[in-house]
Amino acid sequence: MDLGPLPQLVVSGILTGLLFALISVGLTLIFGVMDVVNFAHGEFLMLAMYLTFGLALVGLNPIFALPFVALAAFVLGAIVYRLLIRRLLDGPPSTVVFGTFGLLVFLQGAAQYFFTSDYRSVPNPPFQGTLHLGNVALGEAQLIAGLGALVMTALVFAFVEFTEPGRALRALSEDRVAAQLMGIDVQRMNALAFGLGTACVGAAGALLMLTYPAFPRVGTEFALTAFVVVALGGFGSVQGALLGAILVGLVEVLGGFYISPALKLIPVYALYLVVVLLRPQGLLGRR
Amino acid sequence: MNAAAPFLEVRGLSKRFGSLRALDGINLDVPHGGLTALIGPNGAGKTTAFNCISGALRPSEGSIRFEGHEIAGAPYHRVARLGVVRTYQVVQPFAEMTVLDAVTVGALLHHPRVSEARAFAGETIEALGLGSKRDTIARSLTIADKKRLELARALATEPQLLLLDEVMAGLTPTECAAAVELLRGLVAREITIVMVEHVMEVLMPLADHVVVLATGKIIFDGKPRDAVNDPAVIDAYLGRP
Amino acid sequence: MTPRSHGLALGIVVVALAALALGYHNAFVLNLVFVGLIYAVLGQSWNWISGYAGQISFGHALFFGCGAYASALFGVHHGSPWLALPAGALVAAALALAVGFPCFGLRGHYFSIATIAVAAIAEIAVNNIGALGKANGFEMPILAPSLASLQFDDKGQYVLMALVLFAIAQIGTITLERSRLGYYLRAIRANQEAAASVGVDARAAKLATFAAGAALAALAGSLYAQQTLYVGPEDTLALPISIAIALVGVVGGLSTVWGPALGALVYVALARYGGAVLGGQGHGLDLLLYGGLILVIVSWRPDGLAGIGGSIRRFVRRRSAETPA
Ligand SMILES: Nc1ncnc2c1ncn2[C@@H]1O[C@H](COP(=O)(O)OP(=O)(O)OP(=O)(O)O)[C@@H](O)[C@H]1O
Ligand SMILES: [Mg+2]
């Protein structure tokens, strides 16, 4: 049986989905622990991409830059939590929404002002070869970005599942009051979660620079998808985010091919609407 | 009112939460007028029964007829419009609203004009002794006043059947006595009351009728003086851990 | 504030801006005033559903776009612009009902993201439908200036039209606050369950509010199109427009009569005027300042600028109370 371009599309969809997964896991982690939807998540991605670009200018391969970028993002995330988010948590729920929106506008404006609106790509990008597996042809860069995202997502997952601080984070997202009674330092854990969530987009930003240019609004594109992914999977559910990301990656690539590239996001949004109208808590979310 | 149809008639009402049977096929008749006491140990299913009758929860099985209308599973607000209104055991005030505004929300049900609704809400608040607090934000009331607000909001809808879930819990003896007078007044105004309360001394002299619920089943249905001597009732109360 | 003092404030604003529109012929300034009024109306229409009813929408540009496209279509097909106004408003209200009916069952963020999804689908669709002009949009034909053609050669006339709409939005809000629906919305926002327990039909109340707000936003869109005579997806339907509307609503203060107007003032002063003065849009400094200001307001005054007004009033009252007579 000839499947035509289907295997190629499925592989490509999964690789795209893995990058979405890394971005979305960061978002859902933050939400799970402190009930905050960080609308500036994509702007951290954008900053990470610029940092990777800067390091590439001095000759660092994005893959080697990744640990530095992720670490820098972690620190930035923790600082933003301490300086801003913590203050917003005391207000009504809409405060956080608009606070992170303000951050989005601010960071985008800053990027436009300091870096201009030009598209910046890594000079002499590495991994330009193409791999052939049967009749599936894969760009090395795309493959490495996807697998890198898989490794990073697995690391985050392992951290949350198997380490002591990870357990504390999970305890917080399951029952905040009980966790507090058990003596968990909520402020510290919130800062950790915000740093970790931001580190996810830090790593994703480095990987993305293998195949994608940096520009001030690049974050919005990816963050929008990440919101849909996270809501689709169920807010706060890491497994849900993984599942949602792969689904969205597949739907986007398949829709782009079989319907039209210009319309590729319509099936993604339609999928979201259908799922939440049938299951208001998302695929794997708790009620 | 259709004379042939009983006032409130519950048949085979069940509510399951997962494997837990909170209500297990209860039958209940509440006549028009008077006060029915619904009692039973903690976790017996009293609040769940109120949730089902008032429309807050959809029953798993069974029928609930109010003045001949089937209301099992009907939308919450529709049941309230028919005249069945409840108060919450754990108070649910409109935290950011003033007492007068919160009670006005109830009064608007039968007084579509805001000015009339506010006037009626003011009278209701006055009658419940909350008059001095009419402009206080609900969040900052004491628990006893919150309970009173809860009652005022329900009364302002001019209900026919009022379901009161532990409105007296936490009141001082003086406050209880005042509440009892108030309830007698409501009964005199032909509002039918079903009341959940743990304070027996208060309840028994008031009640025309007692229903005892234990682990989701009705184990007694009759006159107050018979309830205290009923072996099943004694067992349910004394037998609990 | 009582309805009377709201009315007085509205009267002063309308008279002052009308005087400006008739007496001051600086096109640049009048254009800013026009855009400010349009955004004040949009912010108010958003405030109804997202402030008073507490359902935060990030897809409000959809309704703005309904009005703008209605005007564009009537324009290029030689219909009367006065018919475009009700047509756009009706379509917007119908869309709001169609979206709201299923989506008001969703909680919090799930609803907000659903509004993004619906607006994004509409934007992508418009970008690909020939009859709706695709990405290029429509250039509307220029007609002889008159009230009938709703085209004017003087910018001040557009300001006057926008003022009428602004007054409608403000009077609508003042009325809403004191109406049965206003009480119901506040109750729903505070505790939807408890509201239902005393007979409030939450879904109906939200739907009515959403539809009315959508119609108002569409009227603003129509008027906007009549002034720019160009309508395209980028500047009517896109997500950044939805976000700009929401920010106007929140900067000034949610669920207040004057919040959206204050928010629009800040938006126009910083993002539009600032952008023009600081070297054109796209430069970024305007966004940087606007974003920074939002951060300052949100972290120090979660209730927005109107909240600051309230604090000042209380402060003044306390001071005057302390002053011995
Ligand atoms: N929403 C719910 N989900 C799951 N279980 C519930 C729910 N509501 C009640 N229950 C369970 O149903 C049983 C009956 O509860 P209910 O609140 O009706 O008891 P009650 O008679 O009102 O008790 P109390 O006197 O303590 O108020 C309890 O075991 C309770 O834990
Ligand atoms: Mg109970």
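Both backbone and side-chain heavy atoms feed into the values below; hydrogens, waters and symmetry mates do not. Convention: sequence-line order gives letters A, B, ...; per-chain numbering from 1.
- With respect to Leu271(A), the side-chain contact (heavy atoms from CB on, under 4.5 Å) criterion is satisfied by exactly one of Val228(A), Leu232(A), Ile266(A), Leu250(A): Leu232(A).
- Contacts of Leu88(A) with chain C are made by side-chain atoms alone, with heavy-atom separations under 4.5 Å and no backbone atom involved.
- Side-chain contact, Gln55(C) with Thr209(C): no donor N or O sits under 3.5 Å from an acceptor N or O.
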Pair Tyr272(A), Phe227(A) - check ring-ring contact (aromatic ring centres under 6.0 Å, His included), show working. CA-CA 10 Å; Tyr272(A) 169 73; Phe227(A) 297 138; over 10 Å; no
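- Contacts of Ile243(C) with chain A are made by side-chain atoms alone, with heavy-atom separations under 4.5 Å and no backbone atom involved.
- If you measure heavy-atom distances from Leu265(A) to chain C, the contacts under 4.5 Å come from both the backbone and the side chain.
- Taking the six-membered ring where tryptophan is involved, the planes of Phe101(A) and Phe58(C) are tilted, since the angle between them lies from 30° to 60°.
- Of the atoms belonging to Leu288(C), heavy atoms from both backbone and side chain fall under 4.5 Å from chain A.
- No side-chain donor-acceptor contact under 3.5 Å links Thr28(A) to the backbone of Ser24(A).
- Checked by atom type and distance alone, the side chain of Ser237(A) never pairs as donor or acceptor with a backbone atom of Gly234(A) at under 3.5 Å.
- In terms of non-hydrogen atom pairs under 4.5 Å with chain C, the most contact-rich of Gly109(A), Gly99(A), Ser260(A) is Gly109(A).
- Looking only at heavy-atom pairs under 4.5 Å with chain A, the residue among Ile294(C), Val118(C), Leu295(C) that has the most is Leu295(C).
- For Ile121(C), the parts lying near chain A are the backbone and the side chain together; criterion is any non-hydrogen pair under 4.5 Å.
- With respect to chain A, the highest number of heavy-atom pairs below 4.5 Å among Gly108(C), Gly54(C), Ala120(C) belongs to Ala120(C).
- For Leu84(A), the part sitting under 4.5 Å from any heavy atom of chain C is the side chain, from C-beta outward, and nothing else.
- Side-chain contact between Ser50(C) and His60(C) is absent, with no heavy-atom pair separated by less than 4.5 Å.
- In this pair, Phe235(A) and His109(C) present their aromatic rings tilted. The plane angle is within the 30 to 60° band.
- If you measure heavy-atom distances from Val268(A) to chain C, you find no contacts under 4.5 Å at all.
- Residue contact with chain A, scored on non-hydrogen atoms closer than 4.5 Å, involves the side chain of Ile116(C) exclusively.
- Proximity to chain C is absent for every atom of Leu104(A), based on heavy atoms less than 4.5 angstrom apart.
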